[in-house]
Protein chains: 2
Amino acid sequence: LIEVQDITKTYIMGDSEVHALRGVSLGVEHGEYVAVMGPSGSGKSTLMHLIGCLDRPSTGHYTLDGTPVEDLDDVALSALRNRKISFVFQSFNLISQLSVAENVEVPLIYRGTPREEREQLAAQKLASVGLAHRRNHRPNELSGGECQRVAIARALVSDPDIVLADEPTGNLDTKTGEEVMAILAELNDSGTTIVMVTHDIVKAKHAKRLVQMSDGKIDRQLVGEEK
Amino acid sequence: LIEVQDITKTYIMGDSEVHALRGVSLGVEHGEYVAVMGPSGSGKSTLMHLIGCLDRPSTGHYTLDGTPVEDLDDVALSALRNRKISFVFQSFNLISQLSVAENVEVPLIYRGTPREEREQLAAQKLASVGLAHRRNHRPNELSGGECQRVAIARALVSDPDIVLADEPTGNLDTKTGEEVMAILAELNDSGTTIVMVTHDIVKAKHAKRLVQMSDGKIDRQLVGEEK
Ligand SMILES: Nc1ncnc2c1ncn2[C@@H]1O[C@H](COP(=O)(O)OP(=O)(O)OP(=O)(O)O)[C@@H](O)[C@H]1O
Ligand SMILES: Nc1ncnc2c1ncn2[C@@H]1O[C@H](COP(=O)(O)OP(=O)(O)OP(=O)(O)O)[C@@H](O)[C@H]1O
Ligand SMILES: [Mg+2]
Ligand SMILES: [Mg+2]
């Protein structure tokens, strides 16, 4: 489903270069659940943005569900991404002018889902993260962990093929974090492919494969019992 | 040093009320190191904002270093806060138009520190969080954990009496998180009072006292061995 081949990503700033990814190759099958760990700055979010078609590699190839991403222009890439992928961002990226419920509905607006169905699905997902009672509030009226949960509800609402979750429990206490892990596990059981960045080895154990990065590269991958 | 008596904080939104704090009392001595834990939405950040003089309670009393905060107008409160308290925010609150080094210098600009001394102190603190090489970059060019570390460096630069750290390691891997904990421990050894919100019981063990909140109240406090 996800085929990343020898990708690099270099940011050029004035006269200095930041090599965020230095040659990364990774394959993810349909229905897999992969955790990505590594030190701060090692390239995890950058890799997630490339996999999520939010950015393009500097060199290397990326094939998503059989389509080589380099063959698509920005419009086509956007369309592919909106159809297949949902993102939980490390910094949530909620829209401050919209209510919590409206934020969760945004992916369905892009899909042209009728209003009544949209509101119902959003209400359901908000309830699943325990925030139905805050539906009319704005993001700046929520705690850090509440914002994170709204971002998670938004990622679930379009029933995506792939969920890319960048540190989805970083702002959550253990109990709430485990509730989110249960939602992701259920999603994976029903066939959704999940790639999750986490700093928490306990959360990583929910995944079936662990990818460890450092300094823009993949160091090793652990499967099953070895995790 | 910090004396919070029976404070409440209620947010009124249209026809609904959110009782963020429902009667919290807490005392923190000079030089103490207190960890605050609790579920998402339990009122931790709200309590930190009140202790940090960034907001006022709805009811109750707060005395900071002998001064009842309700006796001060906003200007005087700001001045007291800038003199005594440094904040590491849950969402970092970096200024996107300033470079990393300039962000770290901001508290010293408020204090009128001469430019050469300011630049030197900022460089030192940036080095202590491993980010000297990114001094000329902007916050939106940094990873989540790198932003968090810049926020930490900024809190250290004015050699504050009190550091209020709201989930300072939420975006950091274990190793980088422990480096931050070492910095805070060193600071506490040299007399700085620290109140730290964390979701990570391992990080909480660095503190000498643990305050557990839920639903806008303090449930219990654990000291020394019981933590
Ligand atoms: N400006 C605001 N307006 C309305 N409600 C608010 C506002 N700020 C916070 N709240 C609410 O007050 C309660 C406590 O919020 P607070 O940010 O203190 O929680 P927290 O313990 O820090 O949570 P987290 O662990 O998720 O960061 C939450 O229910 C939150 O939604
Ligand atoms: N837009 C950008 N311009 C320049 N450098 C960037 C940019 N975005 C990321 N970087 C750099 O690329 C490197 C990898 O960043 P990335 O966000 O992928 O790290 P990460 O592994 O997600 O870290 P964290 O655990 O701290 O979130 C970092 O050194 C970062 O500063
Ligand atoms: Mg990241
Ligand atoms: Mg908080």
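Just so it is clear: chains get the letters A, B, ... in the order the sequence lines come, proteins before strands, and each one is counted from 1.
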message = With a 3.5 Å distance limit and no angle check, can you tell me whether B:Arg154 reaches the backbone of B:Val100 through a side-chain donor-acceptor pair?
response =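 Side chain of B:Arg154 to backbone of B:Val100: no pair is present.
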query = Got a donor-acceptor contact below 3.5 angstrom from the B:Asp219 side chain to the B:Gln212 backbone?
reply = no
inquiry  = For a quick check under 3.5 Å, do B:His137 and B:Arg134 share a side-chain donor-acceptor pair by atom type?
reply    = yes
ask   = Is it true that the side chains of A:Thr8 and A:Thr59 contain a donor and an acceptor less than 3.5 Å apart?
value =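 Distance-only check passes for A:Thr8 and A:Thr59.
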Name the region of [X], side chain, backbone, both or neither, that has any atom closer than 4.5 Å to a heavy atom of chain B.
{"X": "A:Ser143", "answer": "side chain"}
{"X": "A:Glu146", "answer": "both"}
{"X": "A:Thr176", "answer": "side chain"}
{"X": "A:Thr46", "answer": "neither"}
{"X": "A:Glu141", "answer": "side chain"}

So which of [options] has the biggest tally of heavy-atom pairs under 4.5 Å with chain B?
{"options": "A:Val18, A:Thr174, A:Thr169", "result": "A:Val18"}
{"options": "A:Gln90, A:Lys44, A:His133", "result": "A:Gln90"}
{"options": "A:Ala20, A:Ser45, A:Gly43, A:Gly41", "result": "A:Gly41"}

query = So which of B:Ser16, B:Gly145, B:Gly14, B:Ser40 has the biggest tally of heavy-atom pairs under 4.5 Å with chain A?
reply =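 Most pairs with chain A among the choices: B:Ser40.
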task = For residues A:Phe87 and A:His49, establish whether the separation of their ring centroids is below 6.0 Å.
result = yes
request  = Search all heavy atoms of A:Val4 against all heavy atoms of A:Val24 and return the closest pair with its distance.
outcome  =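 In terms of heavy atoms, the two residues are closest at CG1-O, 3.3 Å.
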Side chain proximity check, A:Leu21 to A:Leu50, heavy atoms < 4.5 angstrom = yes
